[in-house]
Each structure stands twice: as C-alpha cells, then as structure tokens.
Amino acid sequence: MTAMNKPAGGAFLLQLERRVRQLQGTDDIVCLLTQMLGQRLGAQQVMCFDVDQKLPAPALLHAWSDSQKFGAVGEYILGDELRAQLLDEWLAVRPVAVSNVSHDPRTAAPATLATFARLSIQALLHVPIIRDGRLAALFVIHSRSVRLWHADDIELAVHVSERIWSTIVRAQAEEQLRTLRSDMERLVAERARAFGRTWKVSPDLLGVLNLEGYFEHSNPAWQATLGWSEEEIRSTRFLDLLHPDDLERTQTGWAAAKQGQPALRFENRYRHKLGGWRWLSWVAVPEGNKVYCSARDISVEKKNAEELAAHHRLAVPPAPASSLAHDFNDVLQAIAGKLQLLQASVANNEQAALQLASCQAAVERAATLAAQLLPRRTDC
C-alpha cells in the first residue's frame, strides 16, 4: 500500500482558498482545484463528469493528469457492470474508495479489470454529487498503485469536489443569465424598431419595467391575456394588478430585482380586466435602471393540477371516514331490522303505517349516503 505524509487538511484548504481568490476565470479555478487535489492525494488523474439525465452518457467536463501518459479517462465509467455495482452507493452519497481494483468485488469483473489494466489503474476513489435527489456529477480519482484511502483523504476529496462543482454550476448559471439577458435585449430592440414581428406575435407577455414599478412598454399579448390596453398597463403600477395573497412575496422579489437579482419562473396572479385572475410565470432580468420581463400564462396548468389533486383526494376516502361509514351502516341495518318487525304490528293503523314507511325511507337514504363513503371494490 502507498502511504503519504501530507500537511494537515485544514492548512491545505486555507492555501487552496488563498490561491483561488487570486483567479477570475472559472476554467482557471477548476484547473487549479483539480490539480491541487490530485497532487495532494498523489493521484494519477482527477476527473469531473456531468451526469445530466438528459445526456445519453456522463459527459467529461474537466480532467487533470500528472505529467505521465494520460489515457482514455472516461471509457470505463460507461461500463454497465461497474455502473450497476456502484450506482446505489453513488445515490446514497457515499464516496466509493477502492484500494485494490483486483481484490475488490465491486471492480473485479473481467471486463472492468481489463479496462483498468489498459489505463494503468490500481486504485480509485469516486465522489458523487447529489442535487435535488438525483446524481448530478461524479468526481473520479485514479491511482497507478495499490493504496489505502485514509479517512482524511476521502474527506478532503469530498470537500474539494463540492467546491469544484459549485464553481461549475455557478458558471453555468451565469452563462444562462447572460444568454437570457441577451435574448431580452434582442426582444426589446425589436420593440424599439416599431414593434417588430416577434414582439407583436409572441403569446408571452413581454414588457419593460422602470424602477417606479410601471411598464413603459408592453406587447399585444397583455391585452390578449389580461384585457388591459397598452395605455392602461403603462399608467397602472404593476403591484396594483396583483392578487392580495401574492402581493407580499412579489414585493420581496421586486425589491431583489431592483438590487440586480434576476427572477426565474416566479409565479403570481394578475387581475383580468373583466374580473377573475390569471396565473403568470415570470422571468425578469434587471439591466441598468430597467427590468426586462417575460411572462407565460399558466392558468390552465394550475387549474388542471388543482383538479387532479382534488380527484386524488376524492378517489380514496381517508381511513377514518371509511371506518365511520362502516359503523354507521351497521347501525342503519339494525334500525331497518327493527322497523321491519314493527311493520306487522301497525298493519291496522293507517297513520302509524305511514309514519313507519317514512322512517324506512329515511333509513334507506342514509344507507345510500353511507355506501358512497365506503371504498369502491375493484373486481379483477
């Protein structure tokens, strides 16, 4: 086994953060982090894979190698046998430390070992990154020699991997915002050129807000969706059109937007000119002293979701109601039996017979209602 005498992990992390603060570009930061991690662990390779569910296979985002030969770094990760062996541990957010690939049952499949031999891999460490309950990324660390992965080594690898992934995700988000801002600027430019075709025919509500909360420009979709004309929208503070229940959190979002923070998929309700409310999903990007906005009408989606939820609530009555219906039905059966016994004794009394018949009818109605509360039986 290879053993290493390294400085304390805390001192290493402080040194790492000091060097990161001197860099600006995302690529430079990721390169530095992977290099320092690989050198700290005495590793052969450090790789970061994006495990986006939309991709057919994990995508290699970045790789670092020591000065020796750099092999086909990603091919073994796609092997079905290895993936099946390790997937549960990845999803459980457990680092996978293999000190000797030939002796570990998780990596000892012939096809896997053949790949490891071709890549000169004797030991490996996998660090999964989970986001929103799914595997988002995988960091892979290779060693050319059999070695023991100490707890401090694993903890350090997890810390640095999380730091690298946060840097990558932040860069992706910033790129998306730049793209979004560029798209909004394009739409506003079209509006400035005599309401270009996209501005006019877009089904989404497009507009430019000033910092006082008034839409200086709005496209025809506003009137089509909410009934308000462009002049009415321009002369009305947008907060005055909101549903009272959405006002407080929208004011919070508006305050953040005026501080330069974009809003993505922010939902609230706007008043229709003819009455009622429309659910809108917003994207808002601040730029200078303006906020460029786009909104999509999601009222139908909201209604369908509510109807589906109501259907599920009614499909299977809660257990207490079902139990109560059973008990109530038993009582009704007892009452019905007693009424049948009384029927013979009032045969010669017309008034009493009519009252008894009325009681029996009431019991039957109650039994029908109780039956509606009982779970429906499904015959196979």
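Residue indices begin at 1 and follow the sequence shown. Heavy atoms only: backbone and side chains are in, while hydrogens, waters and symmetry mates are out. None of these values were measured; they are calculated from a predicted model.
Shortest non-hydrogen contact noted between Pro203 and Ala221 is O-CB, 3.7 Å. Residue His126 comes nearest to Leu138 through the heavy atom pair CB-CD1, 4.1 Å, listed as atom of the first residue, atom of the second, then distance. For Glu232 against Gly227, the heavy-atom pair with the smallest separation is OE1-O, 4.2 Å. The two residues Ala97 and Arg106 come nearest to each other via the heavy atoms O-NH2, 3.2 Å. What you find for Arg19 and Leu23 is that their closest heavy atoms are O-CG, 3.7 Å. Scanning both residues, Asp153 and Leu148, for their nearest heavy atoms gives OD2-O, 4.3 Å.
Other residues, nucleotides and ligands contribute only 12 or fewer heavy atoms inside 6.0 Å of the CD atom of Glu248. The environment of NZ in Lys303 is sparse: at most 12 heavy-atom neighbours from other residues, nucleotides or ligands sit within 6.0 Å.
By the 4.0 Å N-to-carboxylate-O rule, Glu287 lies too far from Lys290 to be salt-bridged with it. A salt bridge links Arg234 and Glu230; the closest N-O separation between the charged side-chain nitrogens and carboxylate oxygens is under 4.0 Å. A salt bridge links Arg144 with Asp66: the distance from a Lys NZ or Arg NE/NH1/NH2 to an Asp or Glu carboxylate oxygen falls below 4.0 Å. Using a 4.0 Å cut-off between charged nitrogen and carboxylate oxygen, Arg131 and Glu162 count as a salt-bridge pair. Under a 4.0 Å N-O distance rule, the pair Arg269/Asp246 qualifies as a salt bridge. A salt bridge links Glu301 with Arg296: the closest approach of a Lys/Arg side-chain nitrogen to an acidic carboxylate oxygen falls below 4.0 angstrom.
Judged by distance alone, with hydrogens and angles left aside, the side-chain atoms of Trp149 form a donor-acceptor pair with the main-chain N or O of Leu124 at under 3.5 Å. The backbone N or O of Glu307 sits nowhere less than 3.5 Å from a side-chain atom of Asn304 that would complete a donor-acceptor pair. Checked by atom type and distance alone, the side chain of Asp50 never pairs as donor or acceptor with a backbone atom of Ala137 at under 3.5 Å. Within the 3.5 Å criterion, the main-chain N or O of Ser299 finds no donor-acceptor partner in the side chain of Trp277. With hydrogens and angles ignored, the 3.5 Å screen pairs no side-chain donor or acceptor of His150 with any backbone N or O of Asp152. Judged by distance alone, the side chain of Ser120 and the main-chain N or O of Phe116 form no donor-acceptor pair under 3.5 Å. Ser182 places no side-chain N or O within 3.5 Å of a backbone atom of Arg178 that could act as its donor or acceptor partner.
With contacts defined as side-chain heavy-atom distances shorter than 4.5 Å, the pair Arg147/Gln122 does not qualify. Side-chain atoms of Ser99 and Asp104, non-hydrogen and from C-beta on, never get closer than 4.5 Å to each other. Looking at heavy atoms from C-beta onward, Arg163 lies in side-chain contact with Glu17 at the 4.5 angstrom threshold. Arg271 is not listed as a side-chain neighbour of Leu242, based on a closest heavy-atom distance of 4.5 Å or more. Counting heavy atoms from C-beta on, the side chains of Leu125 and Val96 never come closer than 4.5 Å. Residues Ser294 and Trp282 have side chains not in contact (no heavy-atom distance under 4.5 Å, counting atoms from C-beta outward). Using a 4.5 Å heavy-atom cutoff, the side chains of Leu280 and Ile298 are not in contact. Side-chain contact between Arg170 and Trp165 is absent, with no heavy-atom pair separated by less than 4.5 Å.
Hydrophobic clustering (side-chain heavy atoms under 4.5 Å, transitive across Ile, Leu, Val, Met, Phe, Trp, Tyr) keeps Leu247 apart from Trp279. Put simply, Leu32 and Val30 are part of the same group of oily side chains (I, L, V, M, F, W, Y) that touch within less than 4.5 Å, one to the next. Under the 4.5 Å side-chain heavy-atom criterion for grouping Ile, Leu, Val, Met, Phe, Trp and Tyr, Val208 is not connected to Ile233 through any hydrophobic cluster.
Phe215 and Trp222 have their aromatic ring centers within a separation under 6.0 angstrom.
Partner of Leu226 under the side chain to side chain contact (heavy atoms under 4.5 Å, CB included) criterion, chosen from Leu274, Asp297, Leu205: Leu205.
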Q: Apply side-chain contact (heavy atoms from CB on, under 4.5 Å) to Glu174 and Leu177, showing your working.
A: CA-CA 5 Å; Glu174 290 172 352; Leu177 288 176; 5.6 Å; no
Q: Would you check, one step at a time, whether the test side-chain contact (heavy atoms from CB on, under 4.5 Å) holds for His159 with Leu13?
A: CA-CA 9 Å; His159 181 93; Leu13 292 175; 3.4 Å; yes
(Q) Using side-chain contact (heavy atoms from CB on, under 4.5 Å), reason through Ile129 and Phe139 one step at a time and then give a plain yes or no. (A) CA-CA 8 Å; Ile129 304 294; Phe139 285 81; 3.8 Å; yes
Q.
I'd like to know whether Cys48 forms a side-chain contact (heavy atoms from CB on, under 4.5 Å) with Thr34, so could you lay out the CA-CA distance, the side-chain angles of the two residues, the decisive distance to 0.1 Å, and finally the verdict.
A. CA-CA 9 Å; Cys48 172; Thr34 53; 5.8 Å; no
Q) Please walk me through it: do Trp254 and Phe238 pass ring-ring contact (aromatic ring centres under 6.0 Å, His included)? A) CA-CA 10 Å; Trp254 174 234; Phe238 84 92; 5.2 Å; yes
